[in-house]
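Please read the structure below before turning to the comments.
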Amino acid sequence: MDYESIKAEVEKVLSARRFKHSAGVADTAAALAEKYGGDADEARLAGILHDITKELSPEEHMKLVRKYNITLDEDEKAAPKLWHAITAPPLLKERFGVSDAIASAVRYHTTGRADMSLLEKIIYLADYMEPSRDFDGVEKLRRLTFENLDDALRLALRMSVEEVKRSGKKVHKNTLEALMYMEGLKKPED
Ligand SMILES: [Fe+2]
Ligand SMILES: [Fe+2]
């Protein structure tokens, strides 16, 4: 299936607001892939598809969990916001035959993880700072994302940890591991 047909499929299952967000992630991800030596087509496809199951009901998510034999850990069970990143990858593989690299970028777009691939970093950041996002600090994050991808990832992970803590929720271990990994890469003089 070509990109435009896939995009039209996405538009059918998302609200106008979320479709606009997904298109923003797709364009931003393609630009970042070009800048950082990735595959722009792959990044664009991952971007348009990343929230494909975001508007499903809890019952629909659980149906997919059973269908694809997904195991949710206790933290994931308690965090409905994470479900769409978990149910989307097998669905996208079956429906559109996406690559493992795309499935994995979708899988980790909400939490990040240690030792992320270039595409995983790009989708994580594009999701955070695409043009329709609006929050304190988004301009700084946008600028940094096009200057230094790893610095931007560190900043985004730190902001994410702060935001989750503020909301009184538990920070997912993948996010903490992602941040620790990125901090570990920091040179002492930085
Ligand atoms: Fe998402
Ligand atoms: Fe998103």
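Everything numeric here is computed off the predicted structure, so don't read it as measured data. Whatever order the structure lists them in is the order used to number ligands and atoms, beginning at 1.
- The side chain to side chain donor-acceptor pair (under 3.5 Å) contacts involving residues 125-134 comprise His21-Asp127, His21-Glu130, His50-Asp127, Asp127-Arg133, Glu130-Ser132, where partners must be two or more places apart or lie in separate chains.
- Note on Glu60 versus Lys63: no salt bridge recorded, every NZ/NE/NH1/NH2 to OD/OE distance being 4.0 Å or above.
- Side-chain contact check for Tyr3 versus Asp41: every heavy-atom pair is 4.5 Å or farther apart.
- Each salt bridge (charged side-chain N to carboxylate O under 4.0 Å, His left out) pair with one or both residues in residues 15-37, not counting sequence neighbours, appears once here: Arg18-Glu55.
- With waters left out, the protein N, O or S atoms under 2.8 Å from the Fe ion (ligand 1) add up to 3.
- The list of salt bridge (charged side-chain N to carboxylate O under 4.0 Å, His left out) pairs with a residue in residues 171-180, not counting sequence neighbours, reads Asp73-Lys173.
- A salt bridge links Glu9 and Arg95; the closest N-O separation between the charged side-chain nitrogens and carboxylate oxygens is under 4.0 Å.
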